[in-house]
Amino acid sequence: MRLSFIICFFLGIFLSTFTDAFVFKFTNFNCKSYNESWFVFHECRLKAVSRDRIVFNMNGSILHPAYRIKMHYQVLKKENGYKPWLINGALDACRFIRNKYDPFGRVVYGLFQEFSNINHTCPYMGPQILKNFYLRYDKLMLPFPTGDYLLALRWHFDEKLQFDTNASVAIVEDLFQKKS
Ligand SMILES: *[C@@H]1O[C@H](CO)[C@@H](O)[C@H](O)[C@H]1NC(C)=O
Ligand SMILES: *[C@@H]1O[C@H](CO)[C@@H](O)[C@H](O)[C@H]1NC(C)=O
Ligand SMILES: *[C@@H]1O[C@H](CO)[C@@H](O)[C@H](O)[C@H]1NC(C)=O
Ligand SMILES: *[C@@H]1O[C@H](CO)[C@@H](O)[C@H](O)[C@H]1NC(C)=O
């Protein structure tokens with residue numbers, strides 16, 4: 001498991017030098033709160049800003065301070081419906097934000113952190129914003145075969161599921177042809 005991650009990591013660095021030839025974009029986004037007395041979504045929306053760029057905007061509120069936050073992550077790949085695909089785990093968000101201890105968490109965080117206001121330590125409270133967030137292949141650092149994927153992030157406070165942020169993404173891995 002660890003070795004395959006290291007191999008993937010270096011392959012990712014190699015592949016990321018070909019970024020121009022990849023498509024990596026959002027196709028759908030689903031947000032859902034399971035406890036609106038703790039987390040409310042005001043906005044969760046994709047917007048096509050140009051032919052090649054789809055941005056995601058999210059505005060949510062945490063209504064009481066959250067000190068114990070766990071993020072469960074799973075990647076599914078579409079083949080007659082979404083099937084679990086290799087990556088499945090969980091991380092302690094309060095610990096992660098201090099020392100980035102989880103390799104897959106680092107990948108996800110690297111993709112969105114500069115578009116968000118979550119770059120601070122626990123507790124989390126108030127507005128949680130993602131603004132004009134778009135996907136960049138050079139930040140992915142992992143080789144994904146061409147396909148449609150679902151990244152399901154399920155957020156737990158005090159060990160109880162509070163909300164989901166599920167991103168569907170399309171990846172076209174095409175080393176030697178420019179996207180048209
Ligand atoms: C829902 O949120 C409230 C805080 O507003 C919390 O006290 C309660 O435990 C939460 N319920 C669940 C099932 O998470
Ligand atoms: C987020 O939504 C709240 C409630 O609708 C609103 O007051 C706030 O201005 C919004 N923030 C951003 C950055 O859009
Ligand atoms: C927030 O981001 C800044 C600049 O990117 C960085 O220097 C700082 O360490 C970050 N803080 C946390 C808590 O991650
Ligand atoms: C997010 O994806 C997970 C895993 O497939 C699923 O169980 C959950 O219902 C999804 N949530 C939403 C809001 O679509």
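Keep in mind it's a predicted model, so treat the numbers as computed, not measured. As the structure lists them, so they are numbered: ligands from 1, and atoms in each ligand from 1.
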Are any of the N/O atoms in Asp164 less than 3.5 Å from those in ligand 4? yes

Over all heavy atoms of both residues, which pair between Pro84 and Gln74 is shortest? Give the atoms and the distance, please. CB-NE2, 3.6 Å

Could you tell me whether the side chain of Phe39 reaches within less than 4.5 Å of the side chain of Gln128, counting heavy atoms only? yes

Out of all atoms in ligand 4, which are within 4.0 Å of some heavy atom of Asn30? Include the element for each. 14 (O)

Is the closest side-chain donor-acceptor distance between Ser37 and Asn35 under 3.5 Å? yes

Per-atom contacts, ligand 2 versus Asn59 - under 4.0 Å to a heavy atom: 1 (C), 2 (O), 3 (C), 8 (C), 10 (C), 11 (N), 12 (C), 14 (O)

Close-contact set for ligand 4 against Ala152 heavy atoms, below 4.0 Å: 2 (O), 3 (C), 4 (C)

Would you say Asn166 has any N or O atom under 3.5 Å from an N or O of ligand 4, going by distance alone? yes

Could you tell me if the side chain of Phe144 sits less than 4.5 Å from the side chain of Val169, heavy atoms only? no

Thr121 to Ile97 - nearest heavy-atom pair and separation: CA-CG2, 3.8 Å

Sorted by chain and residue number, the residues with a non-hydrogen atom under 4.0 Å of ligand 1 are Asn35, Ser37, Trp38, His64, Lys160, Gln162

Phe22 and Tyr137 aromatic ring geometry - parallel, tilted or perpendicular at 30°/60° bounds: parallel

Please could you name the atoms of ligand 4 that Lys32 approaches to less than 4.0 Å, counting only its heavy atoms? 13 (C)

Hey, can you tell me if Phe56 and Phe26 have their rings parallel, tilted or perpendicular (30° and 60° cut-offs)? tilted

Is the shortest side-chain heavy-atom distance between Leu91 and Tyr101 below 4.5 Å? yes

Non-hydrogen side-chain atoms of Phe41 and Glu36 separated by less than 4.5 Å: no

